[in-house]
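Note: hydrogens, waters and symmetry copies are ignored here, and every other heavy atom, side chains too, is used.
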Amino acid sequence: MTDTTSALIRRYQDELAARQQQGLWRQTGDNAVSESWRNFAGNDYLGLAQDPRLVKKAQQHLERWGVGATASPVVSGYTAAHQSLCEQLCDWLGYPQAILFNSGFAANQALLFTLLGKDDALFQDKINHASLIGAGVLSPATQRRFRHNDMAHLRQLLAKQTQPSASLIVSEGVFSMDGDVSPTESLATIANQSGALWALDDAHGIGVLGREGEGSISRGARPDILIVTFGKALGVAGAAVLASPTIIDYLRQFARHYVYSTAMPPAQAALIEDAIRLARTEHWRREILSAHAEQLAQGLHDWLETTSAFEPHAINTQSLPQLLATPSPIKPLIIGDLAALQQVNHALMKAHIRVGAIRPPTVPANTARLRISLSAQHQKTDITALIEALKPVLASDKACGVTA
């Protein structure tokens, strides 16, 4: 081992030790042990990931298409299955063209790396997903981050720009940690007035918002660029970008994540199309989500504060814990400090209930939370079990409070 390599290893060890001491250590859950547990930690909002019909369809598609695409889309990896999925997406969401990626992370990074140059300006909501913020940092453009859903701040930042060649505004349809939604009509107006392109990552909105699960576009405004993912409400994997022919053609020609990556397996593309058909037609899945949300809020009403996620600065650290009232299946239960979060999470684990325990730096300091994720696959008894497991620990003073 060279001196340089050993110095790097020592640095890694120091940073890993620091993370453990701060109580921020991440580890992969033991899914084999917890298969029988009640799971409120995933993103299978519509309950499609285990749907028996999709499982059977997956087997059929594998027999027809095989297990892999074997090549990049621009070589020989693009098949009739991919084309059919793109057509279905355009029909569902009302865009002229779509391009497929292997993950939402890849789609977001490809978008920002490809469309922006060194003289361009990028404006992002401060709590956008890490794939977007990270891509903005590494892109050649100048990135500016506006306060969460603060349109006045966005206007201020746009007004300060000095002759950028072009601007792109990026937000999310549903924010993954707060479960709230972006002011899409205001974003559309600002983009139109400033001459900027507007992109919306609707990873957590697609499938769950709208009459046919069309996501955030159901709220009225239509972004220039729409990013959707297939690994959450649709229960499969992968992502797509939808936009005008010019933008999609540009991505096909220049997006390195697309040109130099093996294509999505065609069997997967066919399965996603099946999942979309179910999401569009089985409205009862979204109705069940609404019923679950109401049951959860009512069941915890006497044990915590309920705050609307639409209100600016909704989290009041003087009255924790709080359940944010969101229009999505993501129901954040704000606990406060790490020790309290660990106590609540431990109580849930003893009851064989899995909930995402989200800590800084993923969320701001003193807003450590349980990210309760509802699914149409949950039964009323599952929601009741979650409520009953939370009640005693939320009633304890040890589960409340914020540390500086």
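Annotation: His148 is in aromatic contact with Phe175 [ring centroid separation under 6.0 Å].
Leu115 has its side chain within reach of Ile225: a pair of non-hydrogen atoms, C-beta onward, lies under 4.5 Å apart. Side-chain atoms of Asn149 and Pro183, non-hydrogen and from C-beta on, do get closer than 4.5 Å to each other. For the pair Val393/Gln343, a side-chain contact is recorded, criterion being any heavy-atom separation below 4.5 Å from C-beta on. Side-chain contact between Val208 and Lys232: absent, with no pair of heavy atoms (C-beta onward) separated by less than 4.5 Å. Two residues are said to be in side-chain contact when any heavy atoms from C-beta on lie closer than 4.5 Å; Arg354 and Phe40 fail this criterion. Contact check for His204 versus Ser176: side-chain heavy atoms found under the 4.5 Å cut-off. Residues Asn102 and Ser261 have side chains in contact (heavy-atom distance under 4.5 Å, counting atoms from C-beta outward). Residues Phe123 and Gln161 are in side-chain contact: their nearest non-hydrogen atoms beyond the backbone lie under 4.5 Å apart.
When atom types are taken as modelled, the side chain of Ser103 and the backbone of Gly238 share no donor-acceptor pair closer than 3.5 angstrom. A donor-acceptor pair under 3.5 Å links the side-chain atoms of Asp120 to the main chain of Gly117, judged by distance alone. For Arg286 (side chain) and Arg211 (main-chain N/O), a donor-acceptor pair under 3.5 Å exists by modelled atom type. No donor-acceptor pair closer than 3.5 Å links the side chain of Arg11 to the backbone N or O of Ser6. Listed for the Glu172 side chain is no donor-acceptor partner under 3.5 Å among the backbone atoms of Ala203. Using a distance-only test at 3.5 Å, with no hydrogens or angles considered, a donor-acceptor pair links the side chain of Glu214 to the main chain of Glu212. Between the side chain of Thr362 and the backbone N or O of Ile358 there is no donor-acceptor pair closer than 3.5 Å. When atom types are taken as modelled, the side chain of Ser72 and the backbone of Val259 share a donor-acceptor pair closer than 3.5 angstrom. Put simply, the side chain of Asp202 never gets that close to the backbone of Gly215: no donor and acceptor are under 3.5 Å apart.
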Take Gln295 and Thr384 through the test side chain to side chain donor-acceptor pair (under 3.5 Å) and record every step on the way to the result. CA-CA 8 Å; Gln295 181 185 355; Thr384 299; 3.0 Å; yes
Side chain to side chain donor-acceptor pair (under 3.5 Å) between His61 and Asp274, worked out: CA-CA 11 Å; His61 294 320; Asp274 294 325; 2.6 Å; yes
Test side chain to side chain contact (heavy atoms under 4.5 Å, CB included) on Gln156 and His153; report intermediate values, then the result. CA-CA 5 Å; Gln156 291 172 8; His153 190 214; 3.8 Å; yes
I'd like to know whether Ile133 forms a side chain to side chain contact (heavy atoms under 4.5 Å, CB included) with Gln124, so could you lay out the CA-CA distance, the side-chain angles of the two residues, the decisive distance to 0.1 Å, and finally the verdict. CA-CA 8 Å; Ile133 299 300; Gln124 295 215 58; 4.0 Å; yes
Assess whether side chain to side chain contact (heavy atoms under 4.5 Å, CB included) is satisfied between Val228 and Leu226, documenting all intermediate values. CA-CA 7 Å; Val228 297; Leu226 179 68; 4.0 Å; yes
Between Val170 and Leu200, does the side chain to side chain contact (heavy atoms under 4.5 Å, CB included) criterion hold? Intermediate values first, please. CA-CA 6 Å; Val170 183; Leu200 191 73; over 6 Å; no
Under the side chain to side chain donor-acceptor pair (under 3.5 Å) rule, what do Asp44 and Ser375 come out as? Steps first, then yes or no, please. CA-CA 6 Å; Asp44 184 22; Ser375 170; 4.5 Å; no
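Salt bridge annotation for Arg285-Asp51: present, with a cationic side-chain nitrogen under 4.0 angstrom from a carboxylate oxygen. Under a 4.0 Å N-O distance rule, the pair Arg53/Glu282 qualifies as a salt bridge. Between Arg280 and Asp91, at least one side-chain nitrogen of the basic residue sits less than 4.0 Å from a carboxylate oxygen of the acidic one, meeting the salt-bridge criterion. Using a cut-off of 4.0 Å between Lys/Arg side-chain N and Asp/Glu carboxylate O, Asp150 and Arg155 are scored as not salt-bridged. One finds a salt bridge joining Arg277 and Glu273 here, because a Lys/Arg side-chain nitrogen approaches an Asp/Glu carboxylate oxygen to under 4.0 Å. Taking 4.0 Å as the cut-off between side-chain N and carboxylate O, Arg252 and Asp249 count as a salt-bridged pair.
Shown here is Met349, whose CE atom has no more than 12 heavy atoms of other residues, nucleotides or ligands within 6.0 Å. Around atom CD of Glu294, no more than 12 heavy atoms belonging to other residues, nucleotides or ligands sit under 6.0 Å away. The number of heavy atoms from other shown groups lying within 6.0 Å of NE2 (His283) is above 12.
Screening Leu251, Leu242, Leu89 for a side chain to side chain contact (heavy atoms under 4.5 Å, CB included) with Ile99, the sole residue that qualifies is Leu251.
Taking every heavy atom of both residues into account, Ala275 and Leu48 meet most closely at O-CD1, 3.9 Å. Listed here is the closest heavy atom pair of Pro223 and Trp198: CA-CE3, 3.3 Å. The two residues Ser186 and Met151 make their nearest non-hydrogen contact at CB-CG, 3.7 Å. The heavy-atom pair separating Asp337 from Ala368 by the smallest distance is O-CB, 4.1 Å. The shortest non-hydrogen separation linking Ala279 to Leu234 is CB-CD2, 3.7 Å. Here the shortest heavy-atom pairing between Ala196 and Asp224 reads O-OD2, 4.1 Å.
Side chains of Asp180 and Thr326: no donor on one and acceptor on the other come within 3.5 Å. Judged purely by distance below 3.5 Å, without hydrogens or angles, the side chains of Arg369 and Thr367 pair a donor atom with an acceptor atom. Counted by atom type alone, Asn39 and His378 present zero donor-acceptor pairs between their side chains at under 3.5 Å. With hydrogens and angles left out, the side-chain atoms of Tyr45 and Asn43 include a donor and acceptor closer than 3.5 Å. Side-chain contact annotation: Gln377 with Gln50, donor-acceptor N/O pair under 3.5 Å absent. Looking at Asp201 and Asn108, their side chains do bring a donor and an acceptor atom within 3.5 Å of each other. A donor-acceptor pair shorter than 3.5 Å can be found between the side chains of His82 and Thr79.
Interatomic distance, Ile330 CD1 to Asp178 CG, rounded to the nearest 0.5 Å: 9.0 Å. Remark: Leu158 CG to Ser194 OG distance equals 5.0 Å, nearest 0.5 Å. The structure places OG of Ser139 at 11.0 Å from CG of Leu132, a figure rounded to the nearest 0.5 Å. Taking CD from Glu15 and CZ from Arg19, the interatomic distance works out to 9.0 Å, rounded to the nearest 0.5 Å. Between atom CD1 of residue Ile353 and atom CG of residue Leu390 there is a gap of 7.0 Å, rounded to the nearest 0.5 Å. Atoms CD1 and NZ, on Ile372 and Lys331 in that order, are 10.0 Å from each other to the nearest 0.5 Å.
Stacking of Arg222 on the aromatic ring of Tyr95 is recorded, both the 6.0 Å distance cut-off and the 45° axial limit being met.
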